[in-house]
2 protein chains.
Amino acid sequence: MSFTYEFPRPSVTIDAVVFGVNQELELELLLIKRRDDPFKDCWALPGGFVNVADTVPQGESLEAAAYRELREETGIKVDYLEQLYTFGEPGRDPRGRIISVAYFALVRSKDHTAIGGDDAKEAAWMSFKALPKLAFDHHKIISMALERLRSKIRYQPIGLNLLPEKFTISQLRKLYEAILGYKINHGNFRRQILPKNRPNFIKPVRTLREKSNRTGPPAQIYFFDKLLYENAVAKGFDFKLNCRKISQ
Amino acid sequence: MSFTYEFPRPSVTIDAVVFGVNQELELELLLIKRRDDPFKDCWALPGGFVNVADTVPQGESLEAAAYRELREETGIKVDYLEQLYTFGEPGRDPRGRIISVAYFALVRSKDHTAIGGDDAKEAAWMSFKALPKLAFDHHKIISMALERLRSKIRYQPIGLNLLPEKFTISQLRKLYEAILGYKINHGNFRRQILPKNRPNFIKPVRTLREKSNRTGPPAQIYFFDKLLYENAVAKGFDFKLNCRKISQ
DNA sequence: ACAAAAGTGTTTAGTGTACACCCATGT
DNA sequence: ACATGGGTGTACACTAAACACTTTTGT
């Protein structure tokens, strides 16, 4: 079967930049190994062609395509994908004119096992600090995604989706340090994230402290009260975290 | 001539959201009246199909398409277009599956005369406060652009591109009020925009004051020292303006 | 005389940063 | 005994918001 149009048309694909955090609070990235040319056997972002049609219902939405490709190529289902940017430079794909809409997501990597499928020979969580060479312009896409992630954690409590349900403040801080790429003063971070005179959504689990398999006193365990947070947001509250500056 | 593909492909278009500011410091939007169906004679954002090809050089970039369509349909050349978002919901265009990449820009409207051309029967600056009904999902695109504009003026001195080269602080404040949609305390705005203990790029024109055709003392005229600003940015300075809260 | 707008000052509360300290724990 | 890290206190500089005041103009 073939499809004929009066004017040339591009192909449209999606790419998914899925950040994960492992149990050591390190940043990871979900990648696949390509089964086919071009860039056969090269690591790349999961992604693929958007299903479209000119007749109603005109195929799937861009977002739906992103969820589908992610599931097909890596077996992973995420709750939320956010549109990042559209990459459409001529020459970015040797097969022809391909325009790609990039999406990004954040998950706990241990909750999402990566299983290669479909066009992906393999799928895996890779340490963000040691990424392999990637296909196409995927390095560019990833660096834009990291930039977005860094600015997002300052005004949305997305970091809290990445930790286990219960966590210590140190763990949360380590996550922020992993994303931002620098050390944060622990005392000040604490006060910022547990404000006394503003709405606070990080609540201590009264009876629980960290079972201390390390030096130092056992840390208080906290949880993120999502309901409280969402109510406050509805009332006009906006989360903000200042962790701009480094301190030794 | 026709083009045949193995799989169905969408059309890709661009839409340009061009904000303007008129000499009364009011916000305007550049619109065209459509010459052809669908939505013939309806007002819409300037935009159109991206020229593509599967053989090198594979056609024009998305951004280039945006500049070209803007020039063809409205006669306007802008210095800088920023990608806003990609709209690709099935059903957004009755002609078939059309994915549109939206760009946005900011200009002084008096420097850019709108002249209808090509697919545009007319092109005109319209008051942002009284927009007509628009074609397709263009209202949605515009509201997303306004949101972006509102957040951008807080951390980039883009407002200064929209005023005449020389301006008073009151004019600048009125522009901010027009974009943000609320009144700002004049004294506090002044101090924010003319900080004493931080780099300041808004310099008084020593010899000039407003020729006062209104009540009140003649205001000092300022200009934006772009060079100084860009040097400071290169050194890590980042512009920020707090005009969040209203005050009567 | 009055209203309107420019420009400036002051007060207050709050914020971010640096840094120091104590304490509980494992080794 | 010591290092490590949790948790807290505090001092300092700076900021934004509110609002009051003076001055200068047009009417």
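Every chain is numbered from 1 and lettered A, B, ... according to where its sequence line falls, protein lines coming before strand lines. Predicted model, so just to flag it, every value in this text is computed and none were measured.
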Near DNA chain D, which residues from residues 163-171 of chain A have a heavy atom under 4.0 Å away?
A/Ser170
Among residues at least two apart in sequence or on other chains, which ones pass ring-ring contact (aromatic ring centres under 6.0 Å, His included) with A/Phe237?
A/Phe201
In whole angstroms, how far is the C1' atom of D/dA16 from the NZ atom of A/Lys240?
11 Å
Rounding to a whole Å, what distance do you find between A/Phe189:CZ and D/dG7:P?
13 Å
Using the test side-chain contact (heavy atoms from CB on, under 4.5 Å), find all partners of A/Glu165 that sit at least two apart in sequence or belong to another chain.
none
Residues forming a salt bridge (Lys or Arg N to Asp or Glu O under 4.0 Å) with A/Asp111, sequence neighbours excluded
A/Arg108
Heavy-atom distance under 4.5 Å between the side chains of B/Phe167 and B/Ile202, does that happen here?
yes
Given atom CG of A/Asn200 and atom C1' of C/dT15, what is their separation to the nearest angstrom?
16 Å
Just distance, no hydrogens or angles: give the donor-acceptor pairs under 3.5 Å from side chains in residues 174-181 of chain A, sequence neighbours left out.
from	atom 1	to	atom 2	distance (Å)
A/Tyr176	OH	A/Ile153	O	3.3
A/Glu177	OE2	A/Arg173	NE	3.4
A/Glu177	OE2	A/Ile184	N	3.0

N/O (side chain, B/Asn188) to phosphate O (OP1/OP2, D/dA16) under 4.0 Å:
no
Side-chain contact, heavy-atom cut-off 4.5 Å: B/Ile115 with B/Thr74?
no
Which atom pairs, donor and acceptor, lie under 3.5 Å between side-chain atoms of residues 219-226 of chain A and protein residues at least two apart or in another chain?
from	atom 1	to	atom 2	distance (Å)
A/Gln220	OE1	A/Arg209	NH1	3.3
A/Gln220	NE2	A/Val205	O	2.8
A/Gln220	NE2	A/Leu208	O	3.1
A/Tyr222	OH	A/Arg190	NH2	3.1
A/Asp225	OD1	A/Leu227	N	3.4
A/Asp225	OD1	A/Leu228	N	3.2
A/Lys226	NZ	A/Asn161	OD1	3.4

For A/Gly187 and for B/Lys174, locate the closest nucleotide of DNA chain C by heavy-atom distance; then report the residue assigned to the nucleotide nearer the 5' terminus.
B/Lys174
Whole-Å gap separating C1' (C/dA18) and CG (A/Asn242)
15 Å
Please name all residues satisfying ring-ring contact (aromatic ring centres under 6.0 Å, His included) with A/Phe19, sequence neighbours left out, ordered by chain then number.
A/Phe128
Can you measure A/Asn185 atom CG to D/dA11 atom P for me and round it to whole angstrom units?
17 Å
Write down the distance between CG (A/Leu241) and C1' (C/dT15), rounded to a whole number of angstrom.
13 Å
How close or far is atom C1' of D/dC19 from atom NZ of B/Lys183, stated in whole angstroms?
18 Å
Sequence neighbours excluded, which residues qualify as salt bridge (Lys or Arg N to Asp or Glu O under 4.0 Å) partners of B/Arg150?
none
Interface residues of residues 190-198 of chain B with DNA chain C (non-hydrogen, below 4.0 angstrom)
B/Arg190, B/Arg191
Listing request: all side chain to side chain donor-acceptor pair (under 3.5 Å) pairs with a residue in residues 123-145 of chain A, at least two apart in sequence or in separate chains.
A/Arg92-A/Asp137
To the nearest angstrom, how far is B/Ile221 atom CD1 from C/dA5 atom C1'?
15 Å
Listed by chain and number, what are the side-chain contact (heavy atoms from CB on, under 4.5 Å) partners of A/Tyr155, not counting sequence neighbours?
A/Ser151, A/Lys152
Does B/His186 get its side chain close enough to the base of C/dG7, under 3.5 Å, for a donor-acceptor pair?
yes
Pairs: protein N or O with nucleotides 1-4 of chain D N or O, under 3.5 Å:
from	atom 1	to	atom 2	distance (Å)
D/dT4	O2	A/Thr215	OG1	2.9
D/dT4	O2	A/Gly216	N	3.1

